[in-house]
J.: 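Got a structure for you, written out below as structure tokens; questions coming shortly.
For clarity, every value in this text was computed on a predicted model and none was experimentally measured. The first residue of the sequence shown is numbered 1, and numbering continues consecutively from there. Values below: all heavy atoms of this structure, side chains included; hydrogens, waters and symmetry mates excluded.
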Amino acid sequence: MLIRSSRTAQLLLLLVCFIWGAEFVLIDLAIEEIPTHTFNAIRFLLAGLSLIPLLWFNRQQLVNIRWLPLCGASALLGFLLFVSFYTQTEGMHYTSVSNAGFITGLNVPLVPLLGFLLFRIKAATAVWIGMVIATAGLYLLTVGDKLEFNRGDTLILVCAFGFAIHILLTGRFVDSLPVMPLSILQLLAVALYSSIAAWISPEPAFYHSDSPPLSWQDLATNPLIISAVLITGLLGTAYAYWAQSACQQILASHQVALIFATEPVFACLSAWLFLNEQLGTLGLVGAGMIIAAMLISELGGRRGRVTLEPLDQSTSVSPKP
């Protein structure tokens, strides 16, 4: 499907943001029923399989594939995604959905910052300003008047760093490797890593140790688990990929950045609507500062194009070395 209208493209990407934001609530509810590793194994197996039909539209990428570098890169990138999504999902056991959404959004200003620290890619002044604002916002959001940074916030901060590193390494691999096979293989790698982690874990695979025993048949007929897996695996991945290819070329970078700054807002609104979570005054100020930092880091330097990162469920700026 070819999208020609800028307004239609904006609405389609806004729907992606809504899905990614609302996912936090679904995942938060689902992991009360199913262990993190098992949930991620099923979720990413479906996500990887859901992208295979898109290979038909990118079948030229299958010509002359260098399988060894492709599999090596997929294994590494898949491991980064495995760590990132595990820490994000597990962290939601201990912190609020609102905090999870906004802290995950910190990966946006972290991308150019880590690009400078790891690869000496020059960072614009706006990036440093954005990081100062983001750090202050993170403090107000997570600590505020409680004077504590809980385990869940720490885990999700690890997730934000993992996403940022994943985006940077992906930018280096896609110059020489086909994007679609690389994406599919790393999603399947996450499913494999999560399955191994679930298998070697001392905890039961299909239920929490402090809950009544469940079988895989019980999970397969649980409406909450089914909806969470389908929405995160299909809409959050395959639809996001389609939206990227259909909309990215006709929208300006500032439009993409502004739209994707709404993702943590949707997470916060969904948490308020379905979980009755509320941010205090300092939390709201901190959340606003994080969104401001995202926009400043993406738009202030104007050094690169803002692009959609479906696997990391965010946007990034592609800085010029």
J.: Taking only residues two or more places apart in sequence or in another chain, which ones pass side chain to side chain donor-acceptor pair (under 3.5 Å) with R151?
T.: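 For R151 the side chain to side chain donor-acceptor pair (under 3.5 Å) partners, ignoring immediate neighbours, are Y94.
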J.: In sequence, state the C-alpha distance, the side-chain angles, and the governing distance for Y86 and Y193, and then conclude on ring-ring contact (aromatic ring centres under 6.0 Å, His included).
T.: CA-CA 10 Å; Y86 169 74; Y193 295 143; over 10 Å; no
J.: Might you work through the side chain to side chain contact (heavy atoms under 4.5 Å, CB included) test for F44 and L81, ending with a clear yes or no?
T.: CA-CA 10 Å; F44 284 99; L81 282 182; 5.6 Å; no
J.: Just so I know, are the side chains of I103 and L106 near enough to count as touching, which here means a heavy-atom distance under 4.5 Å?
T.: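 The answer is yes; the side chains approach within 4.5 Å.
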J.: Between T237 (side chain) and L234 (backbone), is there a donor-acceptor pair under 3.5 Å?
T.: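 Judged by distance alone, no pair lies under 3.5 Å.
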J.: If you define the side chain from C-beta out and look only at heavy atoms, does anything of V25 sit under 4.5 Å from L29?
T.: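 The answer is yes, as the side chains (C-beta and beyond) meet within the 4.5 Å cut-off.
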J.: Is there a donor-acceptor pair closer than 3.5 Å between any side-chain N or O of E33 and the backbone N or O of I225?
T.: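 No; judged by distance alone, with no hydrogens or angles, the pair does not exist.
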J.: State, to 0.1 Å, how close Q88 and C159 come at their nearest heavy-atom pair, and which atoms those are.
T.: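 Closest pair (atom of Q88, atom of C159, distance): CB-SG, 3.5 Å.
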J.: Show your working on side chain to side chain contact (heavy atoms under 4.5 Å, CB included) between E32 and L224 and close with a plain yes or no.
T.: CA-CA 10 Å; E32 293 298 321; L224 174 61; over 6 Å; no
J.: Using modelled atom types only, decide if a donor and an acceptor are shared between the side chain of T38 and the backbone of F206 within a distance under 3.5 Å.
T.: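 The answer is no, because no donor-acceptor pair under 3.5 Å joins these two groups.
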J.: Answer yes or no: is there a donor N or O on one side and an acceptor on the other, between the side chain of S96 and the main chain of N99, under 3.5 Å?
T.: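 Confirmed, S96 side chain pairs with N99 backbone.
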J.: Under a 3.5 Å distance rule, please check whether S201 uses its side chain to pair with a backbone N or O of A198 as donor and acceptor.
T.: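 It does not hold such a pair.
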J.: Going through the distances and angles, do F173 and L76 end up as a side chain to side chain contact (heavy atoms under 4.5 Å, CB included)?
T.: CA-CA 11 Å; F173 286 131; L76 174 59; 4.2 Å; yes
J.: Check for a donor-acceptor pair, side chain of H37 on one end and backbone N or O of I196 on the other, with a separation under 3.5 Å.
T.: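 Looks like no, no N/O pair under 3.5 Å.
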J.: So, applying side chain to side chain contact (heavy atoms under 4.5 Å, CB included) with I184, which one of V179, L55, L54 is it?
T.: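 The option that passes is L55.
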J.: So, does T95 use its side chain to make a donor-acceptor pair with the main chain of M92 at under 3.5 Å?
T.: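 Judged by distance alone, no pair lies under 3.5 Å.
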J.: If we check side chain to side chain contact (heavy atoms under 4.5 Å, CB included) with F102, which of these qualifies: L141, L138, I156, V97?
T.: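 The single option meeting the side chain to side chain contact (heavy atoms under 4.5 Å, CB included) with F102 is L141.
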